[in-house]
Amino acid sequence: MRRLGGWRALCGWSALVVSVVLVTPGASIWAWPVEPATVVAEFRAPATRYSAGHRGLDLRASPGGLVVAPEAGVVAYAGVVGDRPVIAIEHPDGYRSSLEPVTATVAVGDAVARGDPIGVVASGGHCAAACLHLGVRVDGEYVNPRLLYGGVPRAVLLPP
């Protein structure tokens, strides 16, 4: 019986190293959905899958402002969730972005290219008219969108 655990661990580590190499500070892989892109609230991972957290970035935006597709994909959802209009786009390799609040100018099934207009900033959600929320999932799990916009801010350890 062969042991593959070490090989699987090595393959997983290699994928992590490749990811780190490809996403370098200052580099932007995806397009910002609004310009100028000013982050007003960072991603905060929840302690568990069902715990409270902030599963995305909030970008300063004004109602009526143009929203563009952050990357090429297919519109998977364009409608209202709770009290806010949402657009979700399926991207290659298991990525799915969600943007809210956005009044869609696209429909489910539409193909979009990076930077294509997809709607305008609306109101509703946790920051009302002050921002646009951008969430990103990979294979169904939320990840920090900063990974696609030049990396994650460096952790700072504070004294106790």
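This structure is a prediction, so every number in the text was calculated from the model and none was measured. Here, residue 1 is the first one in the sequence, and each next residue gets the next number.
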Please give me the minimum heavy-atom distance between [X] and [Y], naming the atom from each residue.
X	Y	result
Val112	Val106	CG1-CG1, 4.3 Å
Pro101	Cys131	CD-O, 3.6 Å
Leu99	Pro33	CD2-CB, 3.5 Å
Tyr149	Pro70	OH-CB, 3.4 Å
Ala61	Val121	CB-CG2, 3.8 Å
Ala69	Ala31	O-CB, 4.3 Å

Can you tell if the side chain of [X] reaches within under 4.5 Å of the side chain of [Y], non-hydrogen atoms only?
X	Y	answer
Val67	Val34	yes
Trp30	His91	yes
Val102	Leu132	yes

task: Sequence neighbours left out, what pairs pass salt bridge (charged side-chain N to carboxylate O under 4.0 Å, His left out) with at least one residue falling in residues 51-74?
output: Glu71-Arg114

- prompt: Which residues, ordered by chain and number, are linked to Val74 in its hydrophobic cluster, where ILVMFWY side chains connect at heavy-atom gaps below 4.5 Å, directly or through other members?
  reply: none

query: With ILVMFWY side chains joined below 4.5 Å, transitively, what does Leu66's cluster contain besides itself?
result: Val68

Within this structure, what is the [atom1]-[atom2] distance for the pair [X] and [Y], rounded to the nearest 0.5 Å?
X	Y	atom1	atom2	value
Arg44	Asn144	CZ	CG	11.5 Å
Leu148	Ser97	CG	OG	9.5 Å
Asp110	Thr105	CG	OG1	9.0 Å
Asp139	Arg137	CG	CZ	11.0 Å

message: The criterion is side chain to side chain contact (heavy atoms under 4.5 Å, CB included); which residues satisfy it with Val39, sequence neighbours excluded?
response: Trp32, Glu42, Leu57, Leu59, Arg146

message: With a 4.5 Å cut-off on side-chain heavy-atom distances among I, L, V, M, F, W and Y, is there a chain of contacts connecting Tyr95 to Ile29?
response: yes

Got a list of side-chain donor-acceptor pairs under 3.5 Å for residues 75-90, not counting sequence neighbours?
{"residue": "Tyr77", "atom": "OH", "partner": "Val80", "partner atom": "N", "Å": "3.3"}
{"residue": "Tyr77", "atom": "OH", "partner": "Val80", "partner atom": "O", "Å": "2.9"}
{"residue": "Arg84", "atom": "NE", "partner": "Glu100", "partner atom": "OE2", "Å": "2.3"}
{"residue": "Glu90", "atom": "OE2", "partner": "Arg96", "partner atom": "NH1", "Å": "2.5"}

